[in-house]
2 protein chains.
Amino acid sequence: MKMVFNNKRSFMKSEFEQGHHWCRHRVKGCGFRMTIGREAVLDVLSRTEDHLSAEDIYMLVHETYPAIGLTSVYRTLDMLVNIGLVYKFDFGDGRARFELAEGPKGKDHHHHLVCTGCGRIVNYRDFIDEEVALLKKTEEGLSKKYNFAITNHLIQFYGLCEGCRKK
Amino acid sequence: MKMVFNNKRSFMKSEFEQGHHWCRHRVKGCGFRMTIGREAVLDVLSRTEDHLSAEDIYMLVHETYPAIGLTSVYRTLDMLVNIGLVYKFDFGDGRARFELAEGPKGKDHHHHLVCTGCGRIVNYRDFIDEEVALLKKTEEGLSKKYNFAITNHLIQFYGLCEGCRKK
DNA sequence: CTTGTTATTGAAAACCATTTTCATGTGCAA
DNA sequence: TTGCACATGAAAATGGTTTTCAATAACAAG
Ligand SMILES: [Mn+2]
Ligand SMILES: [Mn+2]
Ligand SMILES: [Zn+2]
Ligand SMILES: [Zn+2]
């Protein structure tokens, strides 16, 4: 009994808990309970730059918290996407991929470069200044013209990486 | 026998056959046979601005060519996407959506405005001049920096349309 | 117009990521 | 500590898409 409790504590003592404490507040602020599974999913997402599938996340969480079920991973991801803490992508390989949305400082926003040969995905953050300005300008133009309240955008470039081109 | 043949001819006599003849050449040029089903799928796609699912297309083709099967629609779409005649999109409703790629003049390229409330999709063609220039510039920068041969891009803005905002 | 070769097809079954169901467990406000 | 609404896991269901396979049709050659 005590062992189990200790396991839980040691599991929760993670870099995530220290560094991304605000995520928990957001979850609770939206009226959801902060469970071990939800924390573990956020923890996995906060430790990687990759674009993990639900099953990827399930397997990674499973390493430190074997009691979790795949169903809960799906449910947690769905909730996190709904409250805006996580982005959900489709890169065309038949399964959804997830990444943590930018923190409160919003400094981590990026776009994607996708290799249609091997599926490799590059996170691309080095926007030109013009690019940021134009994006905002375009959003304003579209908002006015089509009467949309624009909240987000998706920008992906497709092509062949060096390795895939040499074949 | 003659009736059947006449049916085929009358089916093929469509605005599409006159206006989008080049599509057929592209299909045959890639080593594929031009069948009635394939022609009918291209015909449906060429007549709409909408973003049809495979089943939408199946039902529309079925009206003039009831012999077609859903399987063939999927296979045809897959082939058309592979040779670049059709674009495949995921707007997050669990089914793929398709639209005819721009013609040889390439004047029909557009981006999308997606309402996350009702799923409405606006085709948005009125690019600012800067936008086009910057897009090209960005592609060049990315090509060089990450050694990618960029062939395409996907740009979508998400938000709430007027109707969905009033609720 | 035939014919022969093969790509193509439709129906049915398989696939597989995701969702639903439902009985059990747990976070947390009181 | 307690109660209960919310959250969970296992198993089954769902549903869009793909695979299988025997039958068919496109089309190049004659
Ligand atoms: Mn990313
Ligand atoms: Mn469109
Ligand atoms: Zn590649
Ligand atoms: Zn709407």
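Naming convention: chains lettered A, B, ... in sequence-line order (proteins, then strands); numbering from 1 in each chain. These figures come from a predicted structure and were not determined experimentally. Basis for what follows: all heavy atoms, side chains included, without hydrogens, waters or symmetry-related copies.
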Tabulate below the donor-acceptor pairs under 3.5 Å that side-chain atoms of residues 138-146 of chain A make, not counting sequence neighbours, or state none.
residue, atom, partner, partner atom, Å
Thr138(A), OG1, Leu134(A), O, 2.8
Glu139(A), OE2, His153(A), ND1, 3.1
Ser143(A), OG, Glu139(A), O, 2.9
Ser143(A), OG, Phe148(A), O, 3.3
Lys145(A), NZ, Asp126(B), OD2, 2.5
Tyr146(A), OH, Asp126(B), OD2, 3.2

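In terms of the side chain to side chain donor-acceptor pair (under 3.5 Å) criterion, residue partners of Lys137(A) (sequence neighbours excluded) are, by chain and number, Glu130(B). Take Arg97(A) and apply the salt bridge (Lys or Arg N to Asp or Glu O under 4.0 Å) test, not counting sequence neighbours, and it matches Asp56(A), Asp93(A). For Lys88(B), there are no salt bridge (Lys or Arg N to Asp or Glu O under 4.0 Å) partners, not counting sequence neighbours. Here Glu63(B) pairs with nothing under the salt bridge (Lys or Arg N to Asp or Glu O under 4.0 Å) rule; sequence neighbours left out. Evaluation of the salt bridge (Lys or Arg N to Asp or Glu O under 4.0 Å) rule for Glu162(A) yields Lys166(A) as partners, not counting sequence neighbours.
Distances shown here put every side-chain N or O of Lys28(A) at or beyond 4.0 Å from the OP1 or OP2 atom of dG27(C).
Rounded to whole Å, atom P of dT17(D) lies 13 Å from atom CG of Leu52(B). Summarising the geometry, the separation between CD1 on Ile36(B) and P on dC27(D) is reported as 10 Å, rounded to the nearest angstrom. Remark: P of dG10(C) and CD of Glu55(B) are 15 Å apart, rounded to the nearest angstrom. Counting to the nearest Å, the P atom of dA17(C) and the CE atom of Met59(A) are 11 Å from each other.
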Expected rows: protein N/O vs nucleotides 5-7 of chain C N/O, under 3.5 Å:
residue, atom, partner, partner atom, Å
dT6(C), O2, Arg33(B), NH1, 3.2
dT6(C), O2, Arg33(B), NH2, 3.4
dA7(C), O4', Arg33(B), NH2, 3.3
dA7(C), N3, Arg33(B), NH1, 3.4

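Salt bridge status for Arg95(B) with Glu55(B): absent, with no side-chain N to carboxylate O gap under 4.0 Å.
Remark: Cys115(B) SG to Tyr158(B) OH distance equals 12.0 Å, nearest 0.5 Å. In this structure, CD1 in Ile36(A) is found 12.5 Å from CG in Asp43(A), a value given to the nearest 0.5 Å.
Residues of residues 91-99 of chain A that place a heavy atom closer than 4.0 Å to DNA chain C, in numerical order, are Gly94(A), Arg95(A), Ala96(A). Across residues 67-87 of chain B, Ala67(B), Ile68(B), Gly69(B), Thr71(B), Ser72(B), Arg75(B) each have a non-hydrogen atom less than 4.0 Å from an atom of DNA chain C (numbered order).
Under the 3.5 Å distance criterion, the side-chain polar atoms of Arg26(A) are matched with a main-chain donor or acceptor of Ile83(A). Side-chain atoms of Asp90(A) come within 3.5 Å of backbone atoms of Gly92(A) as a donor-acceptor pair (strictly under, hydrogens ignored).
Listed by first and then second residue, the salt bridge (Lys or Arg N to Asp or Glu O under 4.0 Å) pairs involving residues 65-82 of chain A amount to none (not counting sequence neighbours). Under the ring pair (Phe, Tyr, Trp, His ring centres under 6.0 Å) criterion, the residue pairs touching residues 34-55 of chain A are His51(A)-Phe91(A), His51(A)-His112(A), with sequence neighbours excluded.
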Worksheet item: Which dot-bracket notation, 5' to 3', represents the base pairing of DNA chain C when pairs are defined as Watson-Crick or G-U with both distances under 3.5 Å, crossing pairs as [ ], and inter-strand pairs as |?
Response: ||||||||||||||||||||||||||||||

